[in-house]
Asker: 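Got a structure for you, written out below as structure tokens; questions coming shortly.
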Amino acid sequence: MEKTQFKYEVPTTREARQLLRNTIRTFVDKQNLTPPLSMDTLANMARQLIDERQLDKTLKGWIMVELHNAVWFDTVASIPHKKRLLLLPKCLRNSSSCKADIDELGLLCNLCTQCNIPDLQTRAEELGMMSLVAEGFTSVVGLVESGVVDAVIGVSCLDSLEKAFPLLINNAVPGLAIPLNEEGCKDTTVDESYVYRIMEMKSEQKVNLLNYDRLKATIQNWFQPESLSKVLSPLDDRTSLIARQWMAGDGKRWRPYLLAATYMALSGESELPEKVKRAAIAIECFHKASLVHDDIEDEDLIRYGKETVNATHGVPMAINVGDMYLGEGYRLLAQCEQMGLIKVAAEAHIALCKGQGMELEWSKNPQPLNMDYILDIFKHKTVPAFEVSLLTASLCADDHEETRAILSHYSHALGIAYQLKDDVEDFDTDEPLIIRPSAVIAAICEDTNDELFVHSMLHTKDLKGFLKSADHAQMLERAIARVQTMVDCFRKEALAALNPITNTELKRLLFRVTGRILK
């Protein structure tokens, strides 16, 4: 993420601030933008506006905040007042005369007349808004995720906003931020008329915000034994019983969730039709099949802290269970009566097998790696895991091909970023690491011409111990730094791919997905 390095500079007068806010709103209206916007997009827009209007470059931080506001105005105005939160900083109080208590939740205003906090809170209460006098936005995200509030109107200094913005953007929180007019931790001021205007604005336009907690609970229920018995084959044989037990066992259900949430965002529907449920369970069947077969190929005996299917029931039965998952998945997709769903799943299945084949072939005879080869493996093996859920949701919602093209581009960048990040995290612990094609290993191979060293690395029985030794630690550090830079580049590409999307809720969802996966 680009370092914004906000310098605390704001337009010097109320009139100058309002004039520049009007200029920013006009600039944004011409762009036809859909929130949320990434930090990189905001920074680029701020630079563009500064160049076009020959503005002071030290105002970049303030301008970025107001650009963010201008993009979110209409959405926040559409959210009922009772679902908005006003967040005020404690530094607005009169520090010399304030008698209010402060606890872990913030300042407990006693409604004296020594500052403007009581007036702002009273007006919020009249509008039906909640209000809180506290520092930081961390607790606010929790309120949004729990459904207590849908939007945040926050007053804060630019220093705090620099820290809060990535948090708000990654969580795609509908919010408006009003910067304080000066820095410092006490006796600050804000353009109160601007705060009141933002608090009071209202639109008759309807906004569709997903209830993520409810959706997660719904999906978890789909994988309860009683629910699975209604859609999967009868339990009249040993293979079916083992497959059912593993399907109903541990798992984050990330792929079914992504499919269902994307469908809701695209369709605007609050209820999920039967075909979406069956498609989502089918996607999980394919995922379980890949895990069972992967454990066999890698000779893994533990997954999720438990014995793998091959460890418990033997390799022949595990192969059979994995094959059954594939059959169940395609049977469920066929019941959706959309041939496009089967085509998407089959293409993802084939790509996954190709990527796994590349990895298996290399592992049998390790050779010096280059980054292009690694990214090709990721493109085949990791990207389809994201793409199949998104494209299936789009097809179920009868959405346009243009949207699917955007989702494919996004999936490509996100999938690669995810796998790059996973490769780095392999070195965060001291647990043994089986040699496999890795971006970190590729970066090391490209960083040296020492063939003997590379051969020793690729054939060591303790890869982490070898690379973390005093002789090689710096090379490992450089490789990890390079891969982390690549993670950031592909993260930016993923978010940039979403710029053409005009569906706010879909864009919010995918910003949240990106933030969660690449956290």
Side-chain angles (χ1 to χ4, degrees), residues 286-304 307-323 325-326 346-385 415-416 418-469 472 475-476 479-480 482-483 486:
F286 296 139
H287 175 53
K288 283 289 192 288
S290 71
L291 296 183
V292 172
H293 288 160
D294 204 41
D295 288 338
I296 296 168
E297 292 162 350
D298 294 341
E299 299 182 353
D300 287 334
L301 302 179
I302 299 294
R303 183 178 289 277
Y304 303 137
E307 284 191 343
T308 57
V309 179
N310 52 291
T312 304
H313 303 284
V315 169
M317 178 59 80
I319 292 173
N320 206 41
V321 168
D323 290 346
Y325 281 137
L326 295 175
E347 289 176 347
H349 189 178
I350 292 169
L352 172 63
C353 291
K354 288 183 176 180
Q356 180 72 349
M358 293 171 68
E359 186 170 299
L360 291 171
E361 187 65 22
W362 183 89
S363 298
K364 186 170 64 175
N365 183 26
Q367 298 291 324
L369 283 167
N370 61 65
M371 200 62 73
D372 287 342
Y373 184 81
I374 288 295
L375 295 182
D376 199 29
I377 291 178
F378 295 170
K379 181 183 72 174
H380 286 91
K381 185 174 179 180
T382 309
V383 168
I416 290 178
Y418 169 80
Q419 192 59 61
L420 289 167
K421 176 174 174 288
D422 192 59
D423 283 359
V424 168
E425 290 176 346
D426 280 341
F427 291 89
D428 288 345
T429 70
D430 292 325
E431 294 181 5
L433 184 62
I434 297 174
I435 191 78
R436 63 172 178 80
S438 158
V440 174
I441 294 177
I444 291 173
C445 289
E446 293 184 345
D447 188 35
T448 180
N449 294 318
D450 188 338
E451 295 181 3
L452 180 59
F453 162 78
V454 172
H455 182 272
S456 299
M457 175 182 67
L458 297 181
H459 293 85
T460 181
K461 293 183 179 180
D462 181 11
L463 181 63
K464 287 185 181 178
F466 180 84
L467 291 177
K468 289 184 176 182
S469 67
H472 308 136
M475 185 177 292
L476 175 61
I480 288 176
R482 178 186 171 189
V483 177
M486 293 174 66

Asker: Give, for atom CD of E299 and atom CD1 of I434, the distance between the pair rounded to the nearest 0.5 Å.
Answerer: 8.5 Å
Asker: What's the spacing between D450 CG and M475 CE if we round to 0.5 Å?
Answerer: 7.5 Å
Asker: Using 0.5 Å steps for rounding, measure from the CG atom of L291 to the CD1 atom of I296.
Answerer: 11.0 Å
Asker: Work out which heavy atom in T382 is nearest to a heavy atom in G415; give both atom names and the distance.
Answerer: CG2-O, 3.4 Å
Asker: Would you say OH of Y418 has more than 12 non-hydrogen atoms from neighbouring residues, nucleotides or ligands within 6.0 angstrom?
Answerer: no
Asker: Would one find more than 12 heavy atoms of other residues, nucleotides or ligands at under 6.0 Å from atom NZ of K354?
Answerer: no
Asker: Between K468 (side chain only) and L476 (backbone N and O only), is there a donor and an acceptor less than 3.5 Å apart?
Answerer: no
Asker: With a 4.0 Å cut-off on N to O distance, would you call K379 and D372 a salt bridge?
Answerer: no
Asker: Under the side chain to side chain contact (heavy atoms under 4.5 Å, CB included) test against E307, which residue among D295, L301, T312 passes?
Answerer: T312
Asker: Determine, stepwise, if the pair K464 / D430 fulfils side-chain contact (heavy atoms from CB on, under 4.5 Å).
Answerer: CA-CA 7 Å; K464 287 185 181 178; D430 292 325; 5.7 Å; no
Asker: Can you say whether the rings of F453 and F466 are parallel (under 30°), tilted (30 to 60°) or perpendicular (over 60°)?
Answerer: parallel
Asker: Side chains of V321 and H313, heavy atoms from C-beta outward: is any pair under 4.5 Å?
Answerer: no
Asker: Among residues at least two apart in sequence or on other chains, which ones pass side chain to side chain donor-acceptor pair (under 3.5 Å) with T308?
Answerer: N310
Asker: Nearest 0.5 angstrom please: C445 SG to Y373 OH, how far?
Answerer: 12.5 Å
Asker: Please answer whether the main-chain N or O of H455 pairs with a side-chain N or O of H459 as donor and acceptor at a distance below 3.5 Å.
Answerer: yes
Asker: Taking everything shown except E431 itself, do over 12 heavy atoms lie less than 6.0 Å from its CD?
Answerer: no
Asker: Among K364, R436, K381, exactly one meets side chain to side chain donor-acceptor pair (under 3.5 Å) together with E359. Which residue is that?
Answerer: K381
Asker: May I ask you to say whether D298 pairs ionically with R303, meaning some side-chain N is under 4.0 Å from a carboxylate O?
Answerer: no
Asker: Just wondering, do R482 and M371 contact through their side chains at under 4.5 Å, heavy atoms?
Answerer: yes
Asker: Contact between I374 and M486 at the side-chain level, heavy atoms closer than 4.5 Å - yes or no?
Answerer: no
Asker: Given side chains that start at C-beta, do those of H293 and D323 come closer than 4.5 Å, heavy atoms only?
Answerer: yes
Asker: What I'd like to find out is whether the side chain of D422 reaches to under 4.5 Å of the side chain of F378, using heavy atoms alone.
Answerer: no
Asker: Between CG of D423 and CD of Q419, what distance do you get to the nearest 0.5 Å?
Answerer: 5.0 Å
Asker: Drop me the distance from I480's CD1 to L467's CG, to the nearest 0.5 angstrom.
Answerer: 8.5 Å
Asker: Any side-chain heavy-atom pair from L458 and L369 closer than 4.5 angstrom?
Answerer: no
Asker: Side chains of L463 and D426, heavy atoms from C-beta outward: is any pair under 4.5 Å?
Answerer: no
Asker: Taking atom CG of D428 as the centre, report whether more than 12 heavy atoms of other residues, nucleotides or ligands fall under 6.0 Å from it.
Answerer: yes
Asker: Quick one: does T460's side chain have a donor or acceptor within less than 3.5 Å of a partner on S456's backbone?
Answerer: no
Asker: Report yes if some heavy atom in the side chain of E297 is under 4.5 Å from a heavy atom in the side chain of D294; otherwise report no.
Answerer: yes
